[in-house]
Amino acid sequence: MPRLVRRLGWCAVAYAALAWLPWVASEYHTHVLVTSLYYVVLAIGWNLLAGYTGQFSLAHHTFAGVGAYTSALLVLYARVPLLVGIASGALVAATIGYGLGTLCLRMRAIYLALATWAFAESLRLLVTVEYQITRGDLGLAAPFLFSTPRPTPYYFVFLGLALAAILVAREIVDSRIGAYMRAIRDDEEAAAVMGVDTFKWKRFVFAVSAVFAAVAGGFQGHYVGLLSPTPMKFNEMAIIVVMVIVGGLRTFPGPIVGAVFIEVLSEALRAWGEVRMVLFALLVILIARGYPAGLVGIGRALGRRLAARIPALAAATSGRRG
Amino acid sequence: MTSAPGAPAGWLLETRGLTKRFGGLVAVDGLPLTLRAGEIRGLIGPNGSGKTTTVNLVSGLYRVDAGEIWLRGERIDRLAPHRITARGVARTFQIPKLFGNMTVLENALVPALAALDRGPARPAGDILGRARRLLELVTLDDKRHDVAKELSGGQSMLLQIARGLMVSPIHLFLMDEPFAGVHPTIKDTIMETILRMNREEGVTFLIVSHEMATLRRLCARVSVMHEGQLIAEGSFEEIANHTAVVEAYLGR
(Lines give C-alpha, C1' and ligand atoms only; values in the text may rest on other atoms or scores of the structure.)
Protein backbone atom coordinates (compact mmCIF):
# COMPACT_ATOMS: atom_id res chain seq x y z
CA MET A 1 0.00 0.00 0.00
CA PRO A 2 1.48 3.38 -0.91
CA ARG A 3 2.68 5.41 2.03
CA LEU A 4 0.28 8.30 1.40
CA VAL A 5 -2.75 6.03 1.32
CA ARG A 6 -1.64 4.39 4.55
CA ARG A 7 -1.18 7.78 6.16
CA LEU A 8 -4.60 8.98 5.00
CA GLY A 9 -5.93 5.85 6.64
CA TRP A 10 -4.20 6.73 9.90
CA CYS A 11 -5.65 10.22 9.76
CA ALA A 12 -9.15 8.79 9.33
CA VAL A 13 -8.56 6.50 12.30
CA ALA A 14 -7.24 9.38 14.39
CA TYR A 15 -10.22 11.51 13.42
CA ALA A 16 -12.66 8.80 14.43
CA ALA A 17 -10.75 8.19 17.66
CA LEU A 18 -10.91 11.84 18.70
CA ALA A 19 -14.25 12.91 17.25
CA TRP A 20 -16.28 11.79 20.30
CA LEU A 21 -14.63 14.22 22.71
CA PRO A 22 -17.25 17.03 22.46
CA TRP A 23 -19.89 14.63 23.73
CA VAL A 24 -18.11 14.11 27.02
CA ALA A 25 -16.38 17.47 27.34
CA SER A 26 -18.13 20.59 28.54
CA GLU A 27 -18.56 23.49 26.15
CA TYR A 28 -15.68 25.27 27.86
CA HIS A 29 -13.37 22.27 27.54
CA THR A 30 -14.36 21.84 23.92
CA HIS A 31 -13.36 25.44 23.38
CA VAL A 32 -9.95 24.71 24.93
CA LEU A 33 -9.61 21.75 22.58
CA VAL A 34 -10.48 23.86 19.53
CA THR A 35 -7.89 26.45 20.58
CA SER A 36 -5.31 23.70 21.15
CA LEU A 37 -5.91 22.36 17.66
CA TYR A 38 -5.60 25.88 16.25
CA TYR A 39 -2.21 26.19 17.90
CA VAL A 40 -1.20 22.72 16.68
CA VAL A 41 -1.54 23.97 13.10
CA LEU A 42 0.40 27.17 13.87
CA ALA A 43 3.15 25.34 15.74
CA ILE A 44 3.61 22.69 13.04
CA GLY A 45 3.96 25.41 10.43
CA TRP A 46 6.52 27.30 12.47
CA ASN A 47 8.48 24.11 13.21
CA LEU A 48 8.82 23.54 9.45
CA LEU A 49 10.37 26.97 9.16
CA ALA A 50 12.39 27.28 12.37
CA GLY A 51 12.94 23.66 13.38
CA TYR A 52 13.55 21.97 10.04
CA THR A 53 14.87 24.83 7.91
CA GLY A 54 16.55 26.91 10.63
CA GLN A 55 14.75 30.13 9.69
CA PHE A 56 13.88 31.57 13.09
CA SER A 57 11.05 33.79 11.88
CA LEU A 58 9.14 35.86 14.42
CA ALA A 59 6.32 36.73 12.04
CA HIS A 60 4.41 33.47 12.08
CA HIS A 61 1.52 34.78 14.18
CA THR A 62 1.19 37.66 11.72
CA PHE A 63 0.19 35.26 8.98
CA ALA A 64 -2.67 33.99 11.14
CA GLY A 65 -3.77 37.63 11.27
CA VAL A 66 -3.33 38.01 7.52
CA GLY A 67 -5.53 34.96 6.97
CA ALA A 68 -8.18 36.11 9.41
CA TYR A 69 -8.40 39.72 8.23
CA THR A 70 -8.22 38.89 4.51
CA SER A 71 -11.04 36.42 4.84
CA ALA A 72 -13.24 38.54 7.10
CA LEU A 73 -12.78 41.68 4.98
CA LEU A 74 -13.53 39.84 1.75
CA VAL A 75 -16.63 38.23 3.25
CA LEU A 76 -17.86 41.52 4.70
CA TYR A 77 -17.07 43.87 1.83
CA ALA A 78 -17.05 41.67 -1.28
CA ARG A 79 -19.67 39.22 -0.02
CA VAL A 80 -17.64 36.21 -1.11
CA PRO A 81 -18.51 32.82 0.38
CA LEU A 82 -16.71 32.17 3.62
CA LEU A 83 -14.53 29.33 2.36
CA VAL A 84 -13.48 31.43 -0.62
CA GLY A 85 -12.48 34.10 1.87
CA ILE A 86 -10.31 31.66 3.82
CA ALA A 87 -8.74 30.33 0.62
CA SER A 88 -8.00 33.90 -0.47
CA GLY A 89 -6.41 34.54 2.91
CA ALA A 90 -4.14 31.55 2.35
CA LEU A 91 -3.20 32.83 -1.09
CA VAL A 92 -2.45 36.33 0.17
CA ALA A 93 -0.39 34.87 3.05
CA ALA A 94 1.54 32.64 0.65
CA THR A 95 2.39 35.67 -1.47
CA ILE A 96 3.44 37.80 1.50
CA GLY A 97 5.33 34.83 2.99
CA TYR A 98 7.19 34.35 -0.26
CA GLY A 99 8.02 38.04 -0.28
CA LEU A 100 9.20 38.00 3.33
CA GLY A 101 11.29 34.92 2.56
CA THR A 102 12.85 36.76 -0.37
CA LEU A 103 13.64 39.73 1.85
CA CYS A 104 15.36 37.44 4.35
CA LEU A 105 17.29 35.29 1.86
CA ARG A 106 20.69 36.59 2.82
CA MET A 107 19.96 37.06 6.52
CA ARG A 108 21.14 34.73 9.20
CA ALA A 109 19.96 33.94 12.70
CA ILE A 110 19.44 37.09 14.76
CA TYR A 111 19.14 39.39 11.73
CA LEU A 112 16.39 37.26 10.30
CA ALA A 113 14.62 37.21 13.66
CA LEU A 114 14.87 41.00 13.89
CA ALA A 115 13.71 41.61 10.33
CA THR A 116 10.71 39.30 10.64
CA TRP A 117 9.81 40.82 14.00
CA ALA A 118 9.92 44.32 12.48
CA PHE A 119 7.75 43.09 9.64
CA ALA A 120 5.25 41.60 12.10
CA GLU A 121 5.04 44.84 14.09
CA SER A 122 4.58 46.91 10.92
CA LEU A 123 1.69 44.78 9.79
CA ARG A 124 0.07 44.93 13.22
CA LEU A 125 0.37 48.74 13.24
CA LEU A 126 -1.08 48.87 9.75
CA VAL A 127 -4.13 46.92 10.89
CA THR A 128 -4.48 49.19 13.93
CA VAL A 129 -4.07 52.44 12.04
CA GLU A 130 -6.26 51.62 9.04
CA TYR A 131 -9.29 51.47 11.30
CA GLN A 132 -11.64 52.75 8.61
CA ILE A 133 -11.20 49.41 6.89
CA THR A 134 -10.18 47.07 9.70
CA ARG A 135 -11.95 48.86 12.58
CA GLY A 136 -8.62 48.62 14.41
CA ASP A 137 -8.86 48.09 18.15
CA LEU A 138 -12.64 48.36 18.05
CA GLY A 139 -12.65 44.94 16.50
CA LEU A 140 -13.99 43.60 13.24
CA ALA A 141 -17.04 41.38 13.42
CA ALA A 142 -16.26 38.31 11.33
CA PRO A 143 -19.29 36.20 10.39
CA PHE A 144 -19.48 32.82 12.07
CA LEU A 145 -18.76 29.75 10.02
CA PHE A 146 -21.67 27.83 11.53
CA SER A 147 -23.87 30.77 12.55
CA THR A 148 -23.14 29.92 16.18
CA PRO A 149 -20.33 30.73 18.59
CA ARG A 150 -20.69 27.33 20.28
CA PRO A 151 -17.45 25.36 19.90
CA THR A 152 -18.69 21.87 19.07
CA PRO A 153 -19.11 22.13 15.28
CA TYR A 154 -15.82 24.00 15.06
CA TYR A 155 -14.08 21.18 16.90
CA PHE A 156 -14.78 18.87 13.95
CA VAL A 157 -13.33 21.40 11.53
CA PHE A 158 -10.21 22.09 13.57
CA LEU A 159 -9.60 18.40 14.21
CA GLY A 160 -9.61 17.85 10.45
CA LEU A 161 -7.42 20.90 9.96
CA ALA A 162 -4.84 19.73 12.52
CA LEU A 163 -4.71 16.24 11.02
CA ALA A 164 -4.36 17.70 7.53
CA ALA A 165 -1.52 19.91 8.75
CA ILE A 166 0.21 16.93 10.33
CA LEU A 167 -0.19 14.90 7.13
CA VAL A 168 1.07 17.65 4.81
CA ALA A 169 4.01 18.48 7.07
CA ARG A 170 4.95 14.81 7.39
CA GLU A 171 4.85 14.37 3.61
CA ILE A 172 7.07 17.44 3.12
CA VAL A 173 9.55 16.38 5.80
CA ASP A 174 9.85 12.86 4.37
CA SER A 175 10.24 14.05 0.79
CA ARG A 176 13.47 15.24 -0.75
CA ILE A 177 12.33 18.76 0.14
CA GLY A 178 12.68 17.72 3.77
CA ALA A 179 16.28 16.75 3.08
CA TYR A 180 16.93 20.13 1.43
CA MET A 181 15.40 21.89 4.43
CA ARG A 182 17.55 20.07 6.97
CA ALA A 183 20.66 20.55 4.83
CA ILE A 184 19.96 24.30 4.68
CA ARG A 185 19.46 24.41 8.44
CA ASP A 186 22.67 22.55 9.22
CA ASP A 187 24.92 24.38 6.76
CA GLU A 188 23.48 26.65 4.13
CA GLU A 189 26.78 27.13 2.28
CA ALA A 190 27.46 23.41 2.12
CA ALA A 191 23.88 22.83 0.93
CA ALA A 192 24.39 25.33 -1.91
CA VAL A 193 27.65 23.83 -3.13
CA MET A 194 26.08 20.37 -2.99
CA GLY A 195 23.52 21.61 -5.49
CA VAL A 196 20.56 22.62 -3.31
CA ASP A 197 18.77 25.72 -4.58
CA THR A 198 18.74 27.29 -1.12
CA PHE A 199 16.91 30.48 -2.15
CA LYS A 200 14.11 28.57 -3.82
CA TRP A 201 13.51 26.23 -0.90
CA LYS A 202 13.75 28.85 1.81
CA ARG A 203 11.11 30.88 0.00
CA PHE A 204 9.03 27.76 -0.45
CA VAL A 205 9.05 26.97 3.28
CA PHE A 206 8.26 30.58 4.15
CA ALA A 207 5.24 30.43 1.84
CA VAL A 208 4.07 27.03 3.06
CA SER A 209 4.33 27.92 6.73
CA ALA A 210 2.45 31.16 6.02
CA VAL A 211 -0.36 29.12 4.45
CA PHE A 212 -0.55 26.88 7.54
CA ALA A 213 -0.90 29.95 9.74
CA ALA A 214 -3.34 31.73 7.44
CA VAL A 215 -5.71 28.79 7.09
CA ALA A 216 -5.72 28.29 10.85
CA GLY A 217 -6.16 32.04 11.37
CA GLY A 218 -8.96 32.22 8.81
CA PHE A 219 -11.04 29.53 10.45
CA GLN A 220 -10.21 30.86 13.90
CA GLY A 221 -11.50 34.30 12.88
CA HIS A 222 -14.82 32.85 11.74
CA TYR A 223 -15.04 30.92 15.00
CA VAL A 224 -14.19 33.70 17.46
CA GLY A 225 -16.25 36.17 15.47
CA LEU A 226 -14.27 39.24 16.45
CA LEU A 227 -10.91 40.22 15.02
CA SER A 228 -8.57 42.66 16.66
CA PRO A 229 -4.88 43.47 16.25
CA THR A 230 -4.16 42.03 19.73
CA PRO A 231 -3.31 38.49 18.55
CA MET A 232 -0.83 40.09 16.16
CA LYS A 233 1.22 41.25 19.14
CA PHE A 234 4.52 39.61 19.95
CA ASN A 235 2.94 37.73 22.88
CA GLU A 236 1.22 35.44 20.44
CA MET A 237 4.50 34.65 18.67
CA ALA A 238 6.13 33.99 22.02
CA ILE A 239 3.43 31.43 22.79
CA ILE A 240 4.14 29.61 19.51
CA VAL A 241 7.87 29.59 20.24
CA VAL A 242 7.21 28.30 23.76
CA MET A 243 4.96 25.54 22.43
CA VAL A 244 7.48 24.30 19.87
CA ILE A 245 10.47 24.46 22.20
CA VAL A 246 8.69 22.83 25.14
CA GLY A 247 7.28 20.15 22.84
CA GLY A 248 10.58 19.63 21.04
CA LEU A 249 12.08 21.83 18.35
CA ARG A 250 13.16 19.83 15.29
CA THR A 251 11.17 16.79 16.34
CA PHE A 252 8.07 16.03 14.33
CA PRO A 253 5.60 15.48 17.19
CA GLY A 254 7.11 18.34 19.24
CA PRO A 255 4.77 21.12 18.10
CA ILE A 256 1.72 18.88 18.47
CA VAL A 257 2.58 17.85 22.02
CA GLY A 258 3.76 21.35 22.92
CA ALA A 259 0.70 23.14 21.55
CA VAL A 260 -1.77 20.94 23.43
CA PHE A 261 0.34 20.91 26.60
CA ILE A 262 0.87 24.67 26.78
CA GLU A 263 -2.70 25.56 25.81
CA VAL A 264 -4.16 23.21 28.40
CA LEU A 265 -1.67 24.37 31.04
CA SER A 266 -2.40 27.96 30.15
CA GLU A 267 -6.13 27.40 30.69
CA ALA A 268 -5.56 25.49 33.92
CA LEU A 269 -3.52 28.40 35.26
CA ARG A 270 -5.84 31.08 33.91
CA ALA A 271 -6.18 32.58 37.40
CA TRP A 272 -2.46 33.41 37.37
CA GLY A 273 -2.90 35.88 34.53
CA GLU A 274 0.27 37.24 32.98
CA VAL A 275 2.44 35.42 35.52
CA ARG A 276 1.94 32.39 33.29
CA MET A 277 4.31 33.86 30.75
CA VAL A 278 7.02 33.97 33.43
CA LEU A 279 6.36 30.33 34.19
CA PHE A 280 6.53 29.44 30.49
CA ALA A 281 9.76 31.38 30.12
CA LEU A 282 11.30 29.40 32.97
CA LEU A 283 10.06 26.20 31.38
CA VAL A 284 11.69 27.16 28.08
CA ILE A 285 15.01 27.94 29.78
CA LEU A 286 14.88 24.65 31.66
CA ILE A 287 14.07 22.66 28.50
CA ALA A 288 16.64 24.49 26.37
CA ARG A 289 19.32 23.83 29.01
CA GLY A 290 18.54 20.25 29.87
CA TYR A 291 16.33 18.68 27.23
CA PRO A 292 16.83 20.30 23.81
CA ALA A 293 14.44 17.78 22.27
CA GLY A 294 11.69 18.91 24.66
CA LEU A 295 8.88 16.77 26.03
CA VAL A 296 9.12 14.51 23.01
CA GLY A 297 12.82 13.97 23.70
CA ILE A 298 12.10 13.19 27.34
CA GLY A 299 9.37 10.79 26.29
CA ARG A 300 11.64 9.02 23.84
CA ALA A 301 14.42 8.69 26.41
CA LEU A 302 11.97 7.23 28.93
CA GLY A 303 10.69 4.87 26.26
CA ARG A 304 14.21 3.65 25.54
CA ARG A 305 14.94 3.13 29.22
CA LEU A 306 11.70 1.24 29.65
CA ALA A 307 12.47 -0.87 26.61
CA ALA A 308 15.87 -1.73 28.04
CA ARG A 309 14.19 -2.95 31.24
CA ILE A 310 11.76 -5.19 29.43
CA PRO A 311 13.71 -7.64 27.24
CA ALA A 312 10.77 -8.56 25.02
CA LEU A 313 10.12 -4.94 24.18
CA ALA A 314 13.80 -4.32 23.51
CA ALA A 315 13.90 -7.28 21.14
CA ALA A 316 10.84 -5.97 19.32
CA THR A 317 12.29 -2.48 18.86
CA SER A 318 15.74 -3.70 17.81
CA GLY A 319 14.16 -6.15 15.38
CA ARG A 320 12.24 -3.31 13.74
CA ARG A 321 15.46 -1.35 13.39
CA GLY A 322 17.42 -4.09 11.63
CA MET B 1 36.43 25.22 -33.06
CA THR B 2 39.42 26.47 -31.18
CA SER B 3 38.01 29.61 -29.62
CA ALA B 4 35.70 28.35 -26.88
CA PRO B 5 37.63 28.51 -23.62
CA GLY B 6 37.47 25.45 -21.45
CA ALA B 7 35.86 23.43 -24.25
CA PRO B 8 35.65 19.66 -23.79
CA ALA B 9 38.37 19.09 -26.37
CA GLY B 10 40.83 21.37 -24.65
CA TRP B 11 40.61 22.70 -21.13
CA LEU B 12 38.09 21.59 -18.55
CA LEU B 13 38.49 24.73 -16.50
CA GLU B 14 39.95 28.04 -17.49
CA THR B 15 40.08 31.25 -15.50
CA ARG B 16 41.02 34.48 -17.25
CA GLY B 17 42.22 37.46 -15.26
CA LEU B 18 40.35 36.16 -12.22
CA THR B 19 40.34 38.86 -9.56
CA LYS B 20 38.85 39.19 -6.08
CA ARG B 21 39.34 42.12 -3.73
CA PHE B 22 38.47 42.38 -0.05
CA GLY B 23 38.57 46.08 0.71
CA GLY B 24 42.08 47.20 -0.17
CA LEU B 25 43.45 43.65 -0.30
CA VAL B 26 43.66 41.93 -3.66
CA ALA B 27 43.22 38.29 -2.63
CA VAL B 28 43.28 36.92 -6.17
CA ASP B 29 44.98 39.07 -8.75
CA GLY B 30 44.46 38.37 -12.45
CA LEU B 31 44.77 34.61 -12.06
CA PRO B 32 45.08 32.56 -15.25
CA LEU B 33 44.46 28.96 -14.20
CA THR B 34 43.86 26.16 -16.69
CA LEU B 35 43.04 22.54 -15.97
CA ARG B 36 43.01 19.77 -18.52
CA ALA B 37 40.17 17.23 -18.33
CA GLY B 38 41.28 14.24 -16.29
CA GLU B 39 44.27 15.74 -14.54
CA ILE B 40 45.03 15.98 -10.85
CA ARG B 41 46.46 19.40 -10.19
CA GLY B 42 48.03 20.67 -7.01
CA LEU B 43 47.58 24.29 -5.94
CA ILE B 44 50.18 25.45 -3.48
CA GLY B 45 51.45 28.69 -2.03
CA PRO B 46 52.21 30.32 1.31
CA ASN B 47 49.39 31.19 3.73
CA GLY B 48 47.24 34.02 2.44
CA SER B 49 48.29 33.59 -1.17
CA GLY B 50 44.69 33.27 -2.38
CA LYS B 51 44.27 29.53 -2.82
CA THR B 52 41.09 29.16 -0.80
CA THR B 53 39.69 32.35 -2.33
CA THR B 54 40.26 30.79 -5.75
CA VAL B 55 38.31 27.70 -4.74
CA ASN B 56 35.52 29.89 -3.36
CA LEU B 57 35.40 31.82 -6.63
CA VAL B 58 35.24 28.73 -8.82
CA SER B 59 32.54 27.12 -6.68
CA GLY B 60 30.53 30.35 -6.76
CA LEU B 61 30.54 31.20 -3.06
CA TYR B 62 32.33 34.47 -3.83
CA ARG B 63 31.33 36.86 -6.56
CA VAL B 64 34.09 37.54 -9.07
CA ASP B 65 35.27 41.18 -9.13
CA ALA B 66 36.96 40.92 -12.52
CA GLY B 67 37.85 38.22 -14.99
CA GLU B 68 36.06 35.12 -16.18
CA ILE B 69 35.68 31.45 -15.28
CA TRP B 70 34.95 28.95 -18.02
CA LEU B 71 33.97 25.33 -17.47
CA ARG B 72 33.65 22.95 -20.41
CA GLY B 73 33.07 25.79 -22.83
CA GLU B 74 30.55 27.60 -20.65
CA ARG B 75 31.06 30.75 -18.65
CA ILE B 76 30.14 30.06 -15.01
CA ASP B 77 31.34 33.07 -13.03
CA ARG B 78 27.90 34.68 -12.85
CA LEU B 79 26.13 31.54 -11.70
CA ALA B 80 24.80 30.75 -8.23
CA PRO B 81 26.70 27.99 -6.38
CA HIS B 82 24.03 25.34 -6.91
CA ARG B 83 24.01 26.01 -10.65
CA ILE B 84 27.77 25.56 -10.80
CA THR B 85 27.36 22.29 -8.91
CA ALA B 86 24.72 21.26 -11.43
CA ARG B 87 27.40 21.62 -14.13
CA GLY B 88 29.60 19.07 -12.41
CA VAL B 89 31.69 20.92 -9.83
CA ALA B 90 32.02 19.54 -6.30
CA ARG B 91 34.15 20.73 -3.42
CA THR B 92 35.29 20.15 0.13
CA PHE B 93 36.06 22.72 2.80
CA GLN B 94 39.22 22.91 4.87
CA ILE B 95 37.15 22.91 8.05
CA PRO B 96 34.58 20.25 7.20
CA LYS B 97 31.09 21.60 6.60
CA LEU B 98 28.72 18.71 7.06
CA PHE B 99 25.01 18.51 7.73
CA GLY B 100 25.66 17.79 11.40
CA ASN B 101 22.22 16.61 12.47
CA MET B 102 21.77 14.31 9.50
CA THR B 103 23.18 10.80 9.29
CA VAL B 104 26.32 9.95 7.33
CA LEU B 105 24.22 8.33 4.61
CA GLU B 106 21.80 11.26 4.44
CA ASN B 107 24.74 13.61 4.03
CA ALA B 108 25.94 11.61 1.05
CA LEU B 109 22.45 11.56 -0.45
CA VAL B 110 21.92 15.34 -0.46
CA PRO B 111 23.73 16.03 -3.78
CA ALA B 112 21.81 13.26 -5.52
CA LEU B 113 18.50 14.46 -4.10
CA ALA B 114 19.36 18.00 -5.19
CA ALA B 115 20.02 16.68 -8.70
CA LEU B 116 16.50 15.20 -8.76
CA ASP B 117 15.15 18.72 -8.32
CA ARG B 118 16.58 19.84 -11.66
CA GLY B 119 17.18 16.73 -13.71
CA PRO B 120 15.55 13.49 -14.78
CA ALA B 121 14.37 10.96 -12.23
CA ARG B 122 16.87 8.30 -11.24
CA PRO B 123 15.91 5.05 -9.60
CA ALA B 124 16.30 5.34 -5.82
CA GLY B 125 18.18 2.05 -5.86
CA ASP B 126 20.89 3.49 -8.14
CA ILE B 127 21.37 6.52 -5.93
CA LEU B 128 21.51 4.48 -2.76
CA GLY B 129 23.86 1.98 -4.39
CA ARG B 130 26.32 4.67 -5.40
CA ALA B 131 26.17 6.29 -1.97
CA ARG B 132 26.92 2.97 -0.28
CA ARG B 133 29.80 2.23 -2.69
CA LEU B 134 31.36 5.63 -2.09
CA LEU B 135 30.93 5.37 1.67
CA GLU B 136 32.59 1.98 1.49
CA LEU B 137 35.43 3.49 -0.53
CA VAL B 138 36.07 6.06 2.20
CA THR B 139 35.61 3.42 4.95
CA LEU B 140 32.47 5.00 6.41
CA ASP B 141 29.84 2.50 5.34
CA ASP B 142 29.68 0.98 8.83
CA LYS B 143 28.92 4.42 10.23
CA ARG B 144 26.21 5.27 7.71
CA HIS B 145 23.47 5.53 10.35
CA ASP B 146 25.56 7.65 12.72
CA VAL B 147 24.83 11.34 13.08
CA ALA B 148 27.45 13.29 11.14
CA LYS B 149 28.41 15.64 13.98
CA GLU B 150 29.70 12.65 15.93
CA LEU B 151 32.43 11.92 13.36
CA SER B 152 36.09 12.74 14.03
CA GLY B 153 37.85 15.43 12.02
CA GLY B 154 39.41 12.94 9.62
CA GLN B 155 36.16 11.04 9.18
CA SER B 156 34.38 14.32 8.49
CA MET B 157 36.87 15.00 5.71
CA LEU B 158 36.23 11.54 4.28
CA LEU B 159 32.49 12.14 4.36
CA GLN B 160 32.91 15.49 2.61
CA ILE B 161 34.74 13.67 -0.16
CA ALA B 162 32.17 10.91 -0.51
CA ARG B 163 29.40 13.51 -0.48
CA GLY B 164 31.16 15.56 -3.16
CA LEU B 165 31.50 12.51 -5.38
CA MET B 166 27.72 12.11 -5.22
CA VAL B 167 27.37 15.26 -7.32
CA SER B 168 26.21 14.03 -10.67
CA PRO B 169 27.54 14.44 -13.25
CA ILE B 170 30.91 15.06 -11.65
CA HIS B 171 33.66 16.65 -13.72
CA LEU B 172 35.72 18.77 -11.37
CA PHE B 173 36.43 18.24 -7.69
CA LEU B 174 37.92 21.13 -5.74
CA MET B 175 39.59 20.11 -2.50
CA ASP B 176 40.69 22.66 0.07
CA GLU B 177 43.43 21.21 2.31
CA PRO B 178 42.04 17.67 2.43
CA PHE B 179 45.12 16.36 4.24
CA ALA B 180 45.47 19.03 6.91
CA GLY B 181 45.50 17.45 10.36
CA VAL B 182 44.22 14.03 9.39
CA HIS B 183 45.62 10.69 10.53
CA PRO B 184 48.08 8.99 8.10
CA THR B 185 45.67 6.09 7.54
CA ILE B 186 42.93 8.49 6.55
CA LYS B 187 45.41 10.36 4.37
CA ASP B 188 46.03 7.12 2.49
CA THR B 189 42.31 6.53 2.08
CA ILE B 190 41.86 10.02 0.67
CA MET B 191 44.74 9.55 -1.80
CA GLU B 192 43.40 6.19 -2.87
CA THR B 193 39.93 7.66 -3.40
CA ILE B 194 41.29 10.52 -5.51
CA LEU B 195 43.39 8.23 -7.68
CA ARG B 196 40.60 5.74 -8.13
CA MET B 197 37.90 8.27 -9.05
CA ASN B 198 40.34 9.94 -11.42
CA ARG B 199 41.18 6.66 -13.10
CA GLU B 200 37.73 5.08 -13.18
CA GLU B 201 35.47 8.07 -13.75
CA GLY B 202 37.87 10.61 -15.20
CA VAL B 203 37.18 13.14 -12.45
CA THR B 204 39.51 16.17 -12.58
CA PHE B 205 40.90 17.30 -9.23
CA LEU B 206 42.25 20.63 -8.05
CA ILE B 207 43.87 20.06 -4.68
CA VAL B 208 44.92 22.90 -2.41
CA SER B 209 47.50 21.56 0.01
CA HIS B 210 50.65 22.25 1.96
CA GLU B 211 51.67 18.60 1.98
CA MET B 212 54.32 18.47 -0.71
CA ALA B 213 55.12 14.80 -0.19
CA THR B 214 51.48 13.85 -0.61
CA LEU B 215 50.93 16.08 -3.61
CA ARG B 216 54.01 14.65 -5.27
CA ARG B 217 52.38 11.22 -5.21
CA LEU B 218 49.14 12.53 -6.71
CA CYS B 219 49.89 15.31 -9.13
CA ALA B 220 52.02 15.56 -12.22
CA ARG B 221 51.69 19.33 -12.22
CA VAL B 222 51.34 21.98 -9.56
CA SER B 223 50.42 25.64 -9.75
CA VAL B 224 52.02 28.03 -7.28
CA MET B 225 50.25 31.15 -6.02
CA HIS B 226 51.79 34.04 -4.15
CA GLU B 227 49.99 37.22 -3.12
CA GLY B 228 47.07 36.36 -5.36
CA GLN B 229 49.11 35.74 -8.47
CA LEU B 230 50.21 32.64 -10.32
CA ILE B 231 53.99 32.71 -10.00
CA ALA B 232 54.89 29.29 -11.36
CA GLU B 233 53.41 26.16 -12.86
CA GLY B 234 54.91 22.86 -13.84
CA SER B 235 56.25 19.58 -12.53
CA PHE B 236 57.65 19.37 -9.01
CA GLU B 237 61.21 19.48 -10.31
CA GLU B 238 60.48 22.59 -12.33
CA ILE B 239 58.90 24.53 -9.52
CA ALA B 240 61.44 23.38 -6.92
CA ASN B 241 64.12 25.15 -8.91
CA HIS B 242 61.99 28.16 -9.69
CA THR B 243 63.54 31.22 -8.05
CA ALA B 244 60.23 33.01 -7.50
CA VAL B 245 58.83 29.98 -5.68
CA VAL B 246 61.85 29.65 -3.45
CA GLU B 247 61.67 33.34 -2.67
CA ALA B 248 57.97 33.21 -1.93
CA TYR B 249 58.37 30.36 0.51
CA LEU B 250 61.58 31.46 2.16
CA GLY B 251 61.04 35.20 2.02
CA ARG B 252 63.24 37.66 0.29
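Proteins come first, then strands; the chains are lettered A, B, ... in the order of their sequence lines, and each starts at number 1.
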- Query: If you draw a 6.0 Å radius around CZ in A:Phe199, do more than 12 non-hydrogen atoms from other residues or ligands fall strictly inside?
  - Reply: yes
- Query: Under 6.0 Å from the OH atom of A:Tyr111, do we count more than 12 heavy atoms belonging to anything else shown?
  - Reply: no
- Query: Side chain, backbone, both or neither: which part of B:Leu98 has a non-hydrogen atom closer than 4.5 Å to chain A?
  - Reply: backbone
- Message: Counting neighbours of CD on B:Glu192 that are heavy atoms of other residues, nucleotides or ligands and sit closer than 6.0 Å, is the number greater than 12?
- Response: no
- Item | Interface residues of residues 175-183 of chain A facing chain B - non-hydrogen atoms under 4.5 Å apart | A:Arg176, A:Ala179, A:Tyr180, A:Arg182, A:Ala183
- Message: Please classify the contact between B:Leu116 and chain A as side chain, backbone, both or neither, with a heavy-atom cut-off of under 4.5 Å.
- Response: both
- Task: Give a yes or no on whether A:Leu114 atom CG has more than 12 heavy-atom contacts from other residues, nucleotides or ligands under 6.0 Å away.
- Result: yes
- Task: Count the heavy atoms of every other residue, nucleotide or ligand shown that sit under 6.0 Å from CZ of A:Phe252, and state whether that count exceeds 12.
- Result: yes
- All heavy atoms of B:Phe99 vs all of A:Asp187, minimum pair found to be CE2-O, 3.6 Å
- Item | A:Asp186 with B:Lys97: basic N within carboxylate O range, under 4.0 Å | no
- Message: Using a 6.0 Å cut-off, check whether atom NZ of B:Lys187 has over 12 heavy atoms from anything other than its own residue.
- Response: yes
- Just wondering, do B:His82 and A:Asp197 contact through their side chains at under 4.5 Å, heavy atoms? yes
- Task: Indicate the atoms forming the closest heavy-atom contact of A:Met194 with B:Ala114, along with that distance.
- Result: O-CB, 3.8 Å
- Message: Does any part of the side chain of A:Arg185, heavy atoms only, come nearer than 4.5 Å to the side chain of B:Asn101, both counted from C-beta?
- Response: yes
- The interface call for B:Arg118 against chain A, heavy-atom contacts under 4.5 Å, is side chain
